[in-house]
4 protein chains.
Amino acid sequence: MDGGEPGALGSRHCLGDRGWHDGRRGLTVPKIVDHEEYRAELLAGSAELFADRGFDGLTTREVADALGVSTGTIYHYFSGKRDLFLRVVEHMTERLTVVLTADLEQAEGPVARFDALLANAAAHEDWLARYNRICLDHLRERSDDGTEVMVATMDRAVSQLADALDLASGEARFLVITVFGIITQRDLDGGATSFDEQAAQLRRWLTATNH
Amino acid sequence: MDGGEPGALGSRHCLGDRGWHDGRRGLTVPKIVDHEEYRAELLAGSAELFADRGFDGLTTREVADALGVSTGTIYHYFSGKRDLFLRVVEHMTERLTVVLTADLEQAEGPVARFDALLANAAAHEDWLARYNRICLDHLRERSDDGTEVMVATMDRAVSQLADALDLASGEARFLVITVFGIITQRDLDGGATSFDEQAAQLRRWLTATNH
Amino acid sequence: MDGGEPGALGSRHCLGDRGWHDGRRGLTVPKIVDHEEYRAELLAGSAELFADRGFDGLTTREVADALGVSTGTIYHYFSGKRDLFLRVVEHMTERLTVVLTADLEQAEGPVARFDALLANAAAHEDWLARYNRICLDHLRERSDDGTEVMVATMDRAVSQLADALDLASGEARFLVITVFGIITQRDLDGGATSFDEQAAQLRRWLTATNH
Amino acid sequence: MDGGEPGALGSRHCLGDRGWHDGRRGLTVPKIVDHEEYRAELLAGSAELFADRGFDGLTTREVADALGVSTGTIYHYFSGKRDLFLRVVEHMTERLTVVLTADLEQAEGPVARFDALLANAAAHEDWLARYNRICLDHLRERSDDGTEVMVATMDRAVSQLADALDLASGEARFLVITVFGIITQRDLDGGATSFDEQAAQLRRWLTATNH
DNA sequence: CATGAATGAGGGTTCATTCAT
DNA sequence: AATGAATGAACCCTCATTCAT
């Protein structure tokens, strides 16, 4: 189980001890870069919480405690709880394609890439499960334009996968849907469903398709 | 699109006017049956709300208003908001198999039954999407024993389907997972994903499998 | 020193113990009248607090404690702290003319009515001082249309006084302004300024005016 | 309409660019005078804000922004928000007599001095209105010894005016009270009340008195 | 049985103040 | 001397729950 950030060593870190550390004498110019970096750290640290507890089930106090900062600090970097949540979703959404298609290029041929995709899904299963939960929560908060983001995100992932695996768009979409289906089910039943067994079913579909 | 109860004529009904204080005492002998029926009506009426807004995003006042009763009435039939939610999940869970396998027996042969299953899913898509949402919410409220219920529910549905469609357990599970995957995706993207197109992919898998 | 309501015996009363007390059997119709009465009591009880501490300097908890109710109750009768404050100002504004002109009719002749006016001012000095404070606070909260209310209120009081004392509009206005000036000064210096001495100056003006 | 400081050219100036870190060390010897001057500038710049928004309605951040400095700077020159406010009141109080009696000596005779007084009041109406507001706020912050300051201030102004206009103490007090009454009323009604008309009433009183 | 007024703990958010730079 | 990021107590307000009617 990986931490809040896939690929990063997301050990529970305390973010509470920073300063300006500008360097050159007396200059009171704080580093802008640092601010953005810190923001990203807060985002990464909040993702897991929002996924586990849901937007409404999570308090800002809990977020602050988990991040090792005060509630005021959260409001220094984000305009509110809702803003933080929306940024978390944005942040995760940007990484979805990366998570699914990482190392896909290094595999030779569609079948090998299919295996690589499943390996990616298995490696980042927790992250994907969290993303899935968060997406449903996001829909509640932005029922108006929430779907637009999802459509665009899905389309991007699907088109990349279609290219890499030499599949039609609808087929690649089926692939993503099923992968998420397996992950959702395992999320719901606590892992009772075998990932490999279901992956085997999916490979059978691929074999029947890929001609 | 059906209402809160699949198969029932789920028009938005106001439950508030049963009128225990209608005057003629002695006439309105409160039957036990009535109590249970009323409870069921409250459950059915709450399902949609919990699915749409989430457990934490919904207030008891809102539930009461939607049901056309007072908050006190809810506390008369349930021990609290959480209890109501848990009963809603139970109530929906009990119906899951029914929803998925309705009219399945009348179809002849595995393939026809597969089609009937998909027809069921399409007919009750809203209900299934809500059930899917509620299950993830349920997991948050009962992270301890929440999975047990899900495992049992899934197993029951899977074994029924395995019998009806002449599939191995793992195959039937794949079927359910994929159906839910499609419905979840359509829930997220507002219906942008074509149900039929994805169903066609699933049939391809079935064809490759069912020999 | 009178309480929050001029003329009323405004002893610090605990408002926390009420019910429906409808009377006729089983009817679940709560009394509407009661609701409005209670609202008025809350208003009267809040006036002193807002005057003493200012809108921003007063917490809802303090209001609730002083009224002997919970914070939630305040939100049951008013839409928020700001609404409560605005209603208090409205409530007091409606009474201003009454406070100033009470018993004025019973006096014979302009001079006697002038004396009656000063007697009214002295009798309700605390209430007038509070009203004065609250008006300045009100201006901060509603800098847009706050002045309109003040203009209308002042005009009403002035025209009544002009009639009763047989004064021109500008003269009646001078009278009101000076009375409030004396009260404000006494509010600021803790009563060091003599009310009677200043009233004597005002009477000298009246004598020079009233021809 | 004058700025925060009567008689001073109170254009909204940014105080934030004194540049202690301008580079050439040793050149910018921090004089004590400078420190005090700067303090006075901060005081003058804050007066308007405190009057308009009230002590509790104003944040230190807002004060800092308006002054063009950081919040830290305020804490360098004052021990806190409350201290700053108290110093503002002190600062304004010291100037009250000056504002009211400026150019009074140059006028010949009591009546001419009376006119000069009214001219002063009209010229510094905004400042006086702000002073009036701030005094009521001050009373809230220092209800214990707040009145003492007010009594002393009033007495000083009254005795100066009594001398200059050849009035008895109570008469001079009436004069000040009425001037403030007019200004307060005009503050409340947005200038709807005519200053000159009310001043004419006051002159009538003077005529009846000064014999 | 049904109601909804009342409660008060706890929610999101603000802001006076501190202090490392 | 000046900055502004960080803090956390305390703000206004919400809402699950109780109970007199």
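Numbered from 1 within each chain, the chains take letters A, B, ... in sequence-line order. Owing to the predicted nature of the structure, the values given are computational and were not obtained by experimental measurement.
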On DNA chain F, compare the nucleotides closest to A:T71 and D:G72; which residue's is nearer the 5' end? D:G72
According to the interplanar angle, ranging from 0 to 90°, do the rings of C:F55 and C:F50 count as parallel (below 30°), tilted (30 to 60°) or perpendicular (above 60°)? parallel
Which label fits C:H35 and C:H76: parallel for a plane angle under 30°, tilted from 30 to 60°, or perpendicular past 60°? perpendicular
D:T59 near the nucleic acid: base, sugar-phosphate alone, or nothing, with a heavy-atom cut-off under 4.0 Å? sugar-phosphate
Determine the contact category for A:L58: base if any of its heavy atoms lies under 4.0 Å from a base atom, sugar-phosphate if only primed atoms, P, OP1 or OP2 are that close, otherwise nothing. sugar-phosphate
side-chain contact (heavy atoms from CB on, under 4.5 Å) between B:L58 and B:F85: does it pass, once the steps are laid out? CA-CA 10 Å; B:L58 193 64; B:F85 174 69; over 6 Å; no
Atom pair distance, as rounded to whole Å: [atom1] in [X] and [atom2] in [N]:
{"X": "D:E41", "N": "F:dA2", "atom1": "CD", "atom2": "C1'", "value": "16 Å"}
{"X": "B:R39", "N": "E:dA2", "atom1": "CZ", "atom2": "P", "value": "14 Å"}
{"X": "D:D65", "N": "F:dG4", "atom1": "CG", "atom2": "C1'", "value": "11 Å"}
{"X": "C:Y75", "N": "E:dG4", "atom1": "OH", "atom2": "C1'", "value": "20 Å"}
{"X": "D:L42", "N": "F:dT3", "atom1": "CG", "atom2": "P", "value": "11 Å"}
{"X": "B:R61", "N": "E:dA5", "atom1": "CZ", "atom2": "C1'", "value": "9 Å"}
{"X": "A:D34", "N": "F:dG4", "atom1": "CG", "atom2": "P", "value": "15 Å"}
{"X": "D:I74", "N": "E:dC19", "atom1": "CD1", "atom2": "P", "value": "18 Å"}

Identify the nucleotide, in any strand shown, that forms a Watson-Crick or G-U wobble pair with E:dA9, with both distances under 3.5 Å; if there is none, say none. F:dT14
Hunt down the Watson-Crick or G-U wobble partner of F:dT21, both distances under 3.5 Å, from any strand shown, or write none.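 Because both required distances fall under 3.5 Å, F:dT21 counts as paired with E:dA2.
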Let's see if you get this right: which residues in residues 78-85 of chain D place a heavy atom under 4.0 Å from DNA chain E?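 Within this stretch, D:G80, D:K81 sit under 4.0 Å of the strand.
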Which heavy atom of B:M92 sits nearest a heavy atom of B:I134, and at what distance?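 For B:M92 and B:I134, the tightest heavy-atom pair comes out as SD-CD1, 3.6 Å.
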Which pair of non-hydrogen atoms, one from B:G45 and one from B:L49, has the smallest distance, and what is that distance? O-CD1, 4.3 Å
With DNA chain E as reference, determine whether A:F55 or B:H76 sits nearer its 5' end, using the nearest nucleotide of each. B:H76
Any donor-acceptor pair under 3.5 Å linking the side chain of B:R61 with the backbone of B:T71?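 No, because the side chain of B:R61 does not come within donor-acceptor range (under 3.5 Å) of the backbone of B:T71.
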Side chain of C:R140, backbone of D:D52: donor and acceptor closer than 3.5 Å?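 A pair under 3.5 Å: yes.
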Side-chain N or O of D:T60 less than 4.0 angstrom from OP1 or OP2 on E:dC15? no
Residues D:D83, D:R87: salt bridge by 4.0 Å N-O rule: yes
What nucleotide among [options] has an atom nearest to a side-chain atom of [X]?
{"X": "B:T73", "options": "F:dA16, E:dG8, E:dT3", "value": "E:dT3"}
{"X": "C:S70", "options": "E:dT13, E:dT7, E:dA5", "value": "E:dT7"}
{"X": "C:Y38", "options": "F:dA9, E:dA6, E:dT3", "value": "E:dA6"}

